[in-house]
Student: 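Mind having a look at this structure? Questions to follow.
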Amino acid sequence: MPHIKPKATPIFQTSVFTFDDLNELELYFEQPGQRYMYSRYANPNSDELANEVNELEGGIGAVVTSSGMSAILTAILAICKAGDHVLCAEEIYGGSAALLNQELSRIGIEVTYVPSEATYTFDALVQPNTQLFLAETMSNPLLLVFDIRKLAEQTKQHGIKLVIDNTFATPVLTNPLSLGADIVIHSVTKYLSGHSDVTAGVVVCQADEDLQRVQKVMLTYGLNLSPFESWLAARGLKTLRLRMKQHCLNALAIAEYLENHQKVEQVWYPGLTNHAQHRLAFEQGNGYFGGMLSFRIKDDAEAVNRFMQGLEQIPFAPSLAGVSTSISYPLGTSHRSLSKEQQQKIGITVGVIRLSVGIEETEELLTDLERGLSKV
Ligand SMILES: Cc1ncc(COP(=O)(O)O)c(C=O)c1O
């Protein structure tokens with residue numbers, strides 16, 4: 001074999017690694033992390049991605065998983081067993097709520113939702129078997145910003161772990177571990193990979209005991225990420241900082257445009273000075289406010305359809321955080337599984353549209369939004 005020194009990491013598209021003899025096998029067990037045996041346990045591409053995200057988040061170690069959902073599952077199963085109890089912010093991604101309500105409840109892990117008004121005063125909801133609190137740095141889709149430092153003070157007092165889904169903020173804006181969170185998870189599918197071509201997740205830990213458990217759950221349940229998807233995500237991650245700056249710049253310009261539009265009844269974006277947590281968002285977000293925003297037009301499904309049909313450039317795609325802008329409809333997609341009462345309470349009504357702002361030229365996006373709104 002010639003001496004090869006590639007600049008880019010090759011893809012180790014293999015399910016298993018070979019050993020010369022028993023001595024090499026023993027070295028594998030003696031030097032964890034130095035050698036590889038089986039890709040479900042570890043693979044150089046997955047390790048590269050995990051190490052890069054870990055560095056960005058300032059953790060002691062990270063584990064990548066097959067999706068954001070499996071990252072949340074891994075974090076919860078690493079800490080909880082049957083008979084335990086989880087506290088979860090009421091404003092949470094619908095898939096996380098479905099995991100807790102429909103699946104983890106079946107294996108004896110119970111959940112209580114913490115209403116947003118009780119976020120920092122949830123003492124009465126803590127039970128002797130409560131193990132963790134799950135929340136998002138910025139909630140989906142209405143961009144409520146959680147004060148992680150304040151939340152961490154409370155969870156520490158009660159001796160429970162704080163698990164933060166940092167998908168919307170990314171480590172460019174916020175490092176939850178530095179604010180006191182115990183575990184950070186991401187849907188890598190979103191900003192971290194950034195090009196709408198990967199489904200992946202990551203769990204970043206602050207304590208060695210949590211990392212050991214997270215690794216064990218990932219490999220025992222088989223929640224690993226494939227070498228190719230790890231490679232694609234690691235490739236996307238290289239431009240995260242640059243992309244986030246343009247996402248944030250465009251989102252602020254669009255939020256200001258929508259706020260002054262007569263067809264728009266409400267805009268949710270932490271960068272607007274009238275957002276209830278604008279100051280907190282500024283401080284916790286490193287001066288940035290993210291690339292996601294939501295707005296409400298008339299609460300009429302036909303008006304929403306006309307808006308969507310009027311857009312020429314921006315597609316309706318029920319995901320987020322890609323380089324090109326897309327819209328989504330929380331009531332019909334991410335929050336569909338919630339009860340009518342939950343949807344109403346959170347404020348997700350018929351006219352609410354979520355915008356994932358991409359990195360195009362700002363003017364292009366404003367022109368297309370005007371085309372859509374003119375049809376409402
Ligand atoms: C905030 C948040 N967390 C987790 C997930 C789940 O991630 P995935 O779709 O990669 O499983 C999503 C998906 O939209 C999300 O928006």
Side-chain angles (χ1 to χ4, degrees), residues 46 49-50 53 57 62-77 86 88-104 132-146 148 163-171 173-174 176 181 183-204 218 221-226 229-230 232-233 236-237 244 247 268 270 285 290-294 316-322 326-338 346 348 352 354-357:
S46 309
L49 176 61
V53 179
E57 285 290 11
V63 172
V64 295
T65 62
S66 56
S67 65
M69 286 315 304
S70 58
I72 298 171
L73 177 67
T74 301
I76 296 176
L77 292 182
V86 169
C88 181
E90 180 180 47
E91 295 232 3
I92 195 86
Y93 168 59
S96 308
L99 173 69
L100 287 160
N101 299 344
Q102 295 164 21
E103 292 301 326
L104 294 178
L132 68 87
F133 192 122
L134 174 66
E136 294 166 3
T137 314
M138 290 191 213
S139 74
N140 176 13
L142 299 183
L143 289 312
L144 192 76
V145 182
F146 284 87
I148 296 170
V163 179
I164 295 289
D165 181 338
N166 200 28
T167 301
F168 269 39
T170 81
L173 274 69
T174 307
I183 293 181
V184 166
I185 72 99
H186 282 272
S187 168
V188 175
T189 314
K190 310 296 167 9
Y191 288 114
L192 298 194
S193 63
H195 295 72
S196 311
D197 52 10
V198 172
T199 301
V202 67
V203 186
V204 190
M218 182 282 290
Y221 282 76
L223 303 173
N224 57 297
L225 185 63
S226 78
E229 299 229 46
S230 300
L232 267 181
L237 191 64
M244 284 314 293
H247 282 298
W268 291 269
M292 298 299 302
L293 62 90
S294 291
F316 170 26
S319 187
L320 61 114
S326 60
I327 55 166
S328 185
Y329 188 61
L331 196 67
T333 62
S334 56
H335 290 66
R336 199 184 181 98
S337 68
L338 264 58
I346 297 173
I348 298 171
V352 172
R354 189 188 72 187
L355 192 63
S356 168
V357 181

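One-based numbering, in listed order, for ligands and for the atoms of each. All values reported here derive from a predicted model rather than from experimental measurement.
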Student: Using atom types as modelled and distance alone, determine if a side-chain donor or acceptor of Thr189 lies under 3.5 Å from a backbone N or O of Ala200.
Tutor: yes
Student: At what distance is the nearest protein heavy atom to atom 11 (O) of ligand 1, and which residue and atom is it?
Tutor: Met69 N, 2.8 Å
Student: Among all protein non-hydrogen atoms, which one is nearest to atom 14 (O) of ligand 1, and what is the separation to 0.1 Å?
Tutor: Lys190 NZ, 2.7 Å
Student: Any sub-3.5 Å donor-acceptor pair from Glu136's side-chain atoms to Tyr93's backbone N or O?
Tutor: yes
Student: Taking Arg354 for the side chain and Ser319 for the main chain, is one N or O donor matched with an acceptor at less than 3.5 Å?
Tutor: yes
Student: What residue and atom, counting heavy atoms only, is the protein's closest point to atom 16 (O) of ligand 1, and at what distance?
Tutor: Asn140 ND2, 3.5 Å
Student: Nearest protein heavy atom to atom 4 (C) of ligand 1, by residue and atom, and its distance?
Tutor: Asp165 OD2, 3.5 Å
Student: Measuring only between side-chain heavy atoms, which start at C-beta, is Val163 closer than 4.5 Å to Ile185?
Tutor: yes
Student: State whether the side chain of Glu229 and the backbone N or O of Thr199 hold a donor-acceptor pair below 3.5 Å, judged by distance alone.
Tutor: yes
Student: Give yes if a backbone or side-chain nitrogen or oxygen of Phe168 is under 3.5 Å from a nitrogen or oxygen of ligand 1, and no if not.
Tutor: no
Student: Is there any N or O on Thr199 that sits under 3.5 Å from an N or O of ligand 1?
Tutor: no
Student: What residue and atom, counting heavy atoms only, is the protein's closest point to atom 6 (C) of ligand 1, and at what distance?
Tutor: Tyr93 CE2, 3.6 Å
Student: What protein heavy atom lies closest to atom 10 (O) of ligand 1? Include the residue and the distance to one decimal.
Tutor: Thr189 OG1, 2.5 Å
Student: Between the main-chain N or O of Asn140 and the side-chain N or O of His335, is there a donor-acceptor pair closer than 3.5 Å?
Tutor: yes
Student: Can any side-chain N or O of Ser294 pair as donor or acceptor with the backbone N or O of Trp268 at less than 3.5 Å?
Tutor: no
Student: Please write down residue, atom name and distance for the protein heavy atom closest to atom 7 (O) of ligand 1.
Tutor: Ser187 OG, 3.0 Å
